[in-house]
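Take a look at the structure set out below.
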There are 2 protein chains.
Amino acid sequence: MSTAVQADDLPTGYRYAGVTCGIKKSGRPDLALIVSDRPAVAAAVYTTNQVVAAPVVLSRSRTPSANVRAVVINSGNANACTGEQGDRDAAQMTQWAADAIDADVQSVLVMSTGIIGHPMPMAKIQSGVTAAGDVLSHGADGFQAAADAILTTDQGRKVAAVDFKIGTHRYRIVGMAKGAGMIAPNMATMLATITTDAPLTTADAQQSLSVACDRSFNRVSVDGHTSTNDTVVLLAANEAETLSGDDFAAFQAALESLCIQLAKQLPADGEGALRIMHLSVRGAQSTDDAEQIARVVCASPLVKTAITGGDPNWGRIVSAAGYAGPKIEVNKTCLSILGQAVFEAGQPLKFDAAALSKAMKDSKSVKLDLTVGSGSGEAEFWASDLTNAYVDFNSLYTT
Amino acid sequence: MSTAVQADDLPTGYRYAGVTCGIKKSGRPDLALIVSDRPAVAAAVYTTNQVVAAPVVLSRSRTPSANVRAVVINSGNANACTGEQGDRDAAQMTQWAADAIDADVQSVLVMSTGIIGHPMPMAKIQSGVTAAGDVLSHGADGFQAAADAILTTDQGRKVAAVDFKIGTHRYRIVGMAKGAGMIAPNMATMLATITTDAPLTTADAQQSLSVACDRSFNRVSVDGHTSTNDTVVLLAANEAETLSGDDFAAFQAALESLCIQLAKQLPADGEGALRIMHLSVRGAQSTDDAEQIARVVCASPLVKTAITGGDPNWGRIVSAAGYAGPKIEVNKTCLSILGQAVFEAGQPLKFDAAALSKAMKDSKSVKLDLTVGSGSGEAEFWASDLTNAYVDFNSLYTT
């Protein structure tokens, strides 16, 4: 898990800032500003929840775009279920950010995360946006500060960087994310901002981000909730000559790699998570079927608690696949846990359960390989386990 | 919650037995036999899991039927994922039961519940079936003994009784169930046997049981798992003159009432459950939509832990409805918790959160009324909460 990027990882043309403006009672950083020096191409993927927060409504109306200058993000208050005042507050945040960098308000996007149903503390946010505008930096320090300011119950910063070459030119992609609880397929309370100096058309940026999210953020699970605020934004260079053909494919592969690196950090830092499971489903009748099976297995509290306990409980995993919905071939169903075959052709195998349990307990990531038939459908999923700490966190504290 | 039926509750014509034959290491009762004195009409509803246990395969092949004499049930071993030997063992169980009551093997149904992937201890089962045959009783003691012998991790016996009159004739329906963990919509590890002296056609019995299960056992949730073994069997009198018209409607209403009484006992006794939530969804565009919304809200670990913590967290409940799938009208969405309105027309209301939290903590059943629009779709759901005890139970012990 990356906790820092280096100056050399950063794409050219972007500045970052993260400050503390008092939204969080904890006194931790809570306002980030990400600025493109020139008008950037912007693509975005938003929550599929029908209950959406004001910043999602506003940002959705401004993307995709070929002319975005900034993203302003606050943590500590989600500006969700806040009515028309919330809509006005989201718009006001983008106005202040636009003022801070001398840009048009329509070129600013906004994200919020935190408690829902509470009015935004706008005086604090105004001071935060102004302060962030004053400390914008092209360097890694600014990037790290922004990445810290978007966190909520996360235990640590979530960043990743990749690069790829076209001819001798090196392009860079970096991303920052926040996650922790309520993370699920179709994106739960998670925010991410990805910046690249690769030049893209608006349509290509949107298409590549959507595909990358489907294969990364939509394949991780903490507790199955999809939040009111989830947003992933990609900012790319806006140039006359854009990547195409093999060059675009190279970008797509790099973007997917980056998104998977970010996404895997979410369940690892799920509220109270002890270890993650990494599930590969193969042999399904289609990719959609494989995804659905993986999603249901990873959402199962019985499977999650087995991972928590280091219990090689093939019965819970196989039976979850059996009720997931898609057709499976039971007599061709096989399961391995950390490479140890435990179920084959619909029957349990003899194995050293004590040794496998110990290996599971010694692992931060438990790999599960589940074959459900002879089809070509495959999917990878990453999920947190389910611990007493999760229950305590979510039953003792309101969110 | 009923824990006993009286002699007067029992329909005429059935005998019951429950014995201990050593399948369970605990030494608790583990074999039940339910016998109809005359060939009975039998209907059944089975798990929708594609991974099904041997007894489900066998019983499914013998229902619906107009000629069932007995149901033999063991707890402690599910005879699931046991291959061809499991199929032979299930058939052998029905043969021994048939021998014990001098009936045809095809007239015997079988259910099993307990650990999966282990061969059945057939010598113990043979002695148990013989012993049960010797103590069959028309009385409440026999019924109670059978109801005890089907339990696994249940904390208590689950029985219910209803009656209805047609003219001056009183008909009776009684049922016994086992539940605890892995209970979900579409029936997880739960078994139930219902007996009635009401006369039904085979087709009417099957139709009425299917409808009653949809509105009861399929509307409770512990952990969302659907097991390999779930079975509900209804035995009814086989007479030349059967109930029809208003008389059949009276039976249907009584059967549904009985099934709901049994079903509600399942989440209340969910593994580690502290309290249950009783969710009424109204205003959906269809009954299916209301059910789907209720199912997703009740499966949410964030909602469950809020109930555990006595947290009137409308945000988790409303956002779960928002990602459930069916269309909702956010600006007409309202939520009450224990009768206290907390969210109305898409906006949070002011309320005394401390008082409501105390009321939730003082309740064994927390009523949630959720309106999601102006449609006519409605559904009731009952679900357990999610506690440390659940996590401990399922992470520290294999099942």
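Within every chain, numbering begins at 1; the chains are lettered A, B, ... in the order of the sequence lines, protein sequences first and strands thereafter.
A:Ser319 is listed as a side-chain neighbour of B:Asn49, based on a closest heavy-atom distance under 4.5 Å. A:Val51 is not listed as a side-chain neighbour of B:Thr333, based on a closest heavy-atom distance of 4.5 Å or more.
When all heavy atoms of A:Gln50 and B:Val330 are compared, the closest pair comes out as O-CG2, 3.4 Å. Shown here for B:Pro348 and A:Cys81, the closest heavy-atom pair between the two residues is CD-O, 3.2 Å.
For chain B, the nearby part of A:Thr82 is the backbone; its heavy atoms alone come within less than 4.5 Å. Heavy-atom distances place both the backbone and the side chain of A:Val318 under 4.5 Å from chain B.
To the nearest 0.5 Å, atom OG1 of residue B:Thr305 and atom CG of residue A:Leu386 are 9.5 Å apart. We find the CD1-CG distance between A:Ile116 and B:Asn313 to be 7.0 Å, quoted to the nearest 0.5 Å. The OG1 atom of B:Thr228 sits 12.0 Å away from atom OH of A:Tyr323, with the distance rounded to the nearest 0.5 Å.
In terms of non-hydrogen atom pairs under 4.5 Å with chain B, the most contact-rich of A:Ala78, A:Ala80, A:Gly117 is A:Gly117. With chain A as the partner, the residue from B:Gly310, B:Gly309, B:Gly322 showing the most heavy-atom pairs under 4.5 Å is B:Gly322.
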